[in-house]
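Everything below concerns the one structure shown next.
Residue numbers begin at 1 in each chain, while the letters A, B, ... track the order of the sequences. These numbers come from a predicted model, not from an experiment.
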There are 2 protein chains.
Amino acid sequence: MKPSHRATSFDVAALAGVSQSAVSRAFSQQSSIAAETRARVLEAARQLDYVPNRIASSLITRRTNIVAVIVGDMANPFYVQALHCIGCALQARGRQILLFTVDRGGSADEAMRRVLQYQVDGVLLTSAQLSMRMTSRSLDRGVPIVLFNRYVPGHDAACVRCDNAHGGGLIAEAFLRGGARRFAMITGDPGATTSQDRVRGFVTRLAEAGLARGDIAEACGHSTYEGGAAAALALLDRQRREWPDALYCINDIMALGAMDVLRMRLGAAIPQDIQVAGFDDIPQAAHLSYQLTTVAQPVEAMVAEALALLHFDRAGQRIERAIDRALPGQLVMRATLRAPSA
Amino acid sequence: MKPSHRATSFDVAALAGVSQSAVSRAFSQQSSIAAETRARVLEAARQLDYVPNRIASSLITRRTNIVAVIVGDMANPFYVQALHCIGCALQARGRQILLFTVDRGGSADEAMRRVLQYQVDGVLLTSAQLSMRMTSRSLDRGVPIVLFNRYVPGHDAACVRCDNAHGGGLIAEAFLRGGARRFAMITGDPGATTSQDRVRGFVTRLAEAGLARGDIAEACGHSTYEGGAAAALALLDRQRREWPDALYCINDIMALGAMDVLRMRLGAAIPQDIQVAGFDDIPQAAHLSYQLTTVAQPVEAMVAEALALLHFDRAGQRIERAIDRALPGQLVMRATLRAPSA
DNA sequence: TGGAAGTCTGCATACGTATGCAATTTCCGG
DNA sequence: CCGGAAATTGCATACGTATGCAGACTTCCA
């Protein structure tokens, strides 16, 4: 038994006095093999420190048990949280993650090119753009794709997301209950549907209360802490009596930046001078320093739904395209909103 | 040309009027093939939407270009940052990440069992325990392991880490320069060398200034925001005049929790009433709300070193064991320490 | 012009496992 | 004790690519 030489199923077969097929069957659950034979094989495998080669196995079964996950923005804790959740769910189902990171808002095409080489069983894409051409390529070769929180109209891939418009509405209502009159928003990438939807739901609900969109101050920033801080400064660095009394940030990470600028740079009290709300419910939103009111995305349910759409339940099923599942988020009241005026 | 049937090198060969070998060579850089032939092959490949199957390729080359990364604590932004950095470095070198997450402080043995099945080219382990038995198994079969920031004495695997003791010393000196007299520490898992070293460096430096370890108040907590908050409460929820005037937290995430409890629950002013320092320099440490003084780990250099230890430079090299590389961190002065008394 | 050196190309095989099929054994009821 | 069904096993082959080797062809120089 040489070191640095991995034992193969043939080696194990020889030691156990059986055929290679028997070894293969011993490591497969639903194979017909005598219990006694399996035990002998496993013992021999143990002695040789044999580990089945999934690569070779994948070649013939055409399943790798690997799912590619492409993450667009590792700087946003929400996507880290999602990644973590995805990891747990997949590992629990005996699958592995092939991880790719792309720059925030960057294209995932380059990553997909590599993904396809590895014959993954599916692709999960968060917070990154994927060209339709690449999407079709993947679907045509039987590799399902699910977009996580990144709906693209007309796109061929399935999508699982939070109902962002609904969530925006929840925030608007909470603001109104808190007695807010003058509103402002910090939005994200204008091209991202996530941002658009969150704004739309918010604005629509305010419209029902009689506010025109023009009445709502607005600044756009990168979806980062710094982006939120910069947007807040641009929006509020003016005469104090022109200030809005409610600020909606389309995600928590920007809300943190905005809050810090409000309090530390502009001397505002939250929520007395200005109420603030975010979206996502990242861990930091619960920190004592922030206590940010926000909309929690149902991450676990979204992940479960995404895996279901990857057809990990029934095998060989036809790939469904252009599915769009929007799950409702939940308002989490903390300390950045005033209590409803009785 | 059927959909859902992936073209193979034979299909491409037939279309291009060459042998399968030629197709293989067309996709390999250093193969001897006529430029004109390669062009014809690539054109045929394009028509058939052919993508080389890395799984099949790996079977024969015995290299997957996949590196397993096992992350123990996705809740700590520092390890997320490290993961991101590792991802960039590997992708730039044409390698992929097979990601595994394990519970904080949990054992990576189960993950390793899967890793070995996939014939990865190397393993990077952060913030998780790996049994020596599993380590030996991996090394014996020629799969190099590098521990990232998790040194284990007597362990057989290579290790890359920040010089934690040195960093602890930097903090101690900064405190002394700031005129601190009464010290306290919030430490992490007593079994983790990371925590031990950070404490040792701190205590040693204070000893040089005449302080016995018994003079330093101490509480231990989980390496989380909540853990830091709870430890701070346990440590400081007493008569104010017994308070220390300097609090050292062995990592930033705990420092954030401690700061929040200090200010929001105990009404302390930082750094006037009490100075605070952390370790890691996570992104949140720079937030305006915290402005935490800390020691920055040289993440990029550590990652570069780790990849070098995986022998991705020269192939076929003998696996080195029990290497320990400690890179110095750098003090980042922010607002939680008092300026040196002149 | 001849031959040597160099450049391309195809043939054949190997990588390690899964599985259809046939052969063998075991098990039972009659 | 026999026939057939069921359980188990081995044989052979397939998965898709890389590469050593030998042959074919080109180039170049004497």
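- Partners of B:S107 according to the side-chain contact (heavy atoms from CB on, under 4.5 Å) rule, which considers only residues two or more places apart in sequence or in another chain, are B:D109.
- Taking B:R63 as the reference, nothing meets the salt bridge (charged side-chain N to carboxylate O under 4.0 Å, His left out) condition, with sequence neighbours excluded.
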Report all interatomic pairs (protein N or O, nucleotide N or O of nucleotides 24-27 of chain C) with separations under 3.5 Å.
none

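- Counting only residues at least two apart or on different chains, the salt bridge (charged side-chain N to carboxylate O under 4.0 Å, His left out) pairs with a member in residues 22-37 of chain A are A:E36-A:R40.
- For the side chain to side chain donor-acceptor pair (under 3.5 Å) condition, no pair includes a residue of residues 67-84 of chain B, sequence neighbours left out.
- Remark: B:Y151 engages no residue in a ring-ring contact (aromatic ring centres under 6.0 Å, His included) (not counting sequence neighbours).
- In the helix from C:dT1-D:dA30 to C:dG30-D:dC1, the end axes, each obtained as the rotation axis mapping the C1' atoms of four pairs onto the next four within a five-pair block, lie 30° apart to the nearest 10 degrees.
- Every residue meeting the side chain to side chain donor-acceptor pair (under 3.5 Å) condition with A:E43, not counting sequence neighbours, appears here in chain and number order: A:R46, A:Q47.
- With sequence neighbours excluded, the residues satisfying side-chain contact (heavy atoms from CB on, under 4.5 Å) with A:Q119 are A:T64, B:R6, B:N53, B:I55.
- OP1 or OP2 of C:dT9 has at least one side-chain nitrogen or oxygen of B:T37 nearer than 4.0 Å.
- Annotation: ring-ring contact (aromatic ring centres under 6.0 Å, His included) contacts of B:F27 (sequence neighbours excluded): B:Y50.
- Not counting sequence neighbours, A:R38 has no partner by the salt bridge (charged side-chain N to carboxylate O under 4.0 Å, His left out) test.
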**Study point:** Per-nucleotide protein contact string for nucleotides 14-22 of chain C, where B marks a base within reach and S marks sugar-phosphate only (heavy atoms under 4.0 Å, - for neither)
**Key:** BBBBBBB--
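- Side-chain atoms of B:S138 do not come within 3.5 Å of backbone N or O of B:M134 as any donor-acceptor pair.
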